[in-house]
Amino acid sequence: MMRVRATAATAALLLAALTACGSNNTGSASASKTKSPASKSKKVDCTSQTLDQAEWMEHCADEASTDADTGAKSTGLEFGESYTWPDGLKVSVVDAKRFTDFNEDVLESPEPGSTDFRVTLKLENGSKEPAALDDLSLIVEGATNGGEASFTMFENGSQPLEGRLAPGVKTTKNADHVLETKYGKKIVVTVQRNSENFDLDFPEFNGEITG
């Protein structure tokens, strides 16, 4: 009889211990579940240069990936549309306008039988590192019956692709060209980027020289 009582007492103690452990685990799990959403909902400035890598990976990586995906299309783009390279640098061709504001003091003048025009670009650095604008260059081709425009530079209003663009900063640049009139005014502007990544896409923008 004494053995039965001892066994029952032991069982009671064991049950109490298990119940206590279960209660503690449930509390921990509940606390963990409560804490997780708060962490995910934390507001983080992904453009901040003081943000450490762990925080950026947790709160900003998905957003950066989504932004890059939206710019995956690199051909068949129209003027006004944009392309985003994997590192976050975004580019769009705003327009291409006939240039007439020649500076006679430096002997600028229209070239007979050709269309002088200026291509305007909009750039935005969505990466965490400065972007070298010197790495960018344009190829402009006639879209009707061939022909390639020659690069030139007109002084008035010139904003060449040079220097560096800081993270989170937007800017407007331009590049001047000359295309023989026989090739028409419809053009394709290819934005090249110097990089060690040989798989990097060069976006192509379709439009027309206006003015």
Taken to the nearest 0.5 Å, the spacing of Ile139 CD1 from Thr190 OG1 works out to 6.0 Å

d(Glu155 CD, Asp176 CG) to nearest 0.5 Å is 11.5 Å

Could you check whether the rings of Phe117 and His177 sit parallel, tilted or perpendicular, using 30° and 60° as the cut-offs? parallel

Note to self: Grouping I, L, V, M, F, W and Y whenever their side-chain heavy atoms are under 4.5 Å apart, do Val119 and Phe79 come out in a common cluster?
What the structure shows: yes

_More than 12 heavy atoms of other residues, nucleotides or ligands under 6.0 Å from NZ of Lys90: yes or no?_
no

CG (Asn125) and CG (Leu165) are apart, to the nearest 0.5 Å, by 5.0 Å

query = Between Gln192 and Ser137, does a side-chain hydrogen bond (donor to acceptor under 3.5 Å, both in side chains) hold up when you go through it step by step?
reply = CA-CA 5 Å; Gln192 300 181 111; Ser137 61; 3.2 Å; yes

query = So, Asp116 side chain and Pro110 main chain: donor-acceptor pair closer than 3.5 Å or not?
reply = no

Within the 4.5 Å heavy-atom criterion, are Leu161 and Leu123 side-chain neighbours or not? yes

CZ of Phe99 to CZ of Arg118, rounded to nearest 0.5 Å, is 4.5 Å

- Task: Would you check if the side chain of Asn103 reaches a backbone N or O of Asp105 as a donor-acceptor pair within less than 3.5 Å?
- Result: yes

Requested in this report: Determine whether more than 12 heavy atoms belonging to other residues, nucleotides or ligands lie under 6.0 Å from atom CD of Glu129.
Outcome: no

Identify whether Leu133 and Met153 are in the same connected component of the hydrophobic contact network (ILVMFWY, side-chain heavy atoms under 4.5 Å). no

Enclosure of Lys185 NZ (heavy-atom neighbours >12, cutoff 6.0 Å): yes

Separation between CG (Leu138) and CZ (Phe205), nearest 0.5 Å, reads 10.0 Å

Check your understanding: More than 12 heavy atoms of other residues, nucleotides or ligands under 6.0 Å from CD of Glu78: is that the case?
Key -> yes

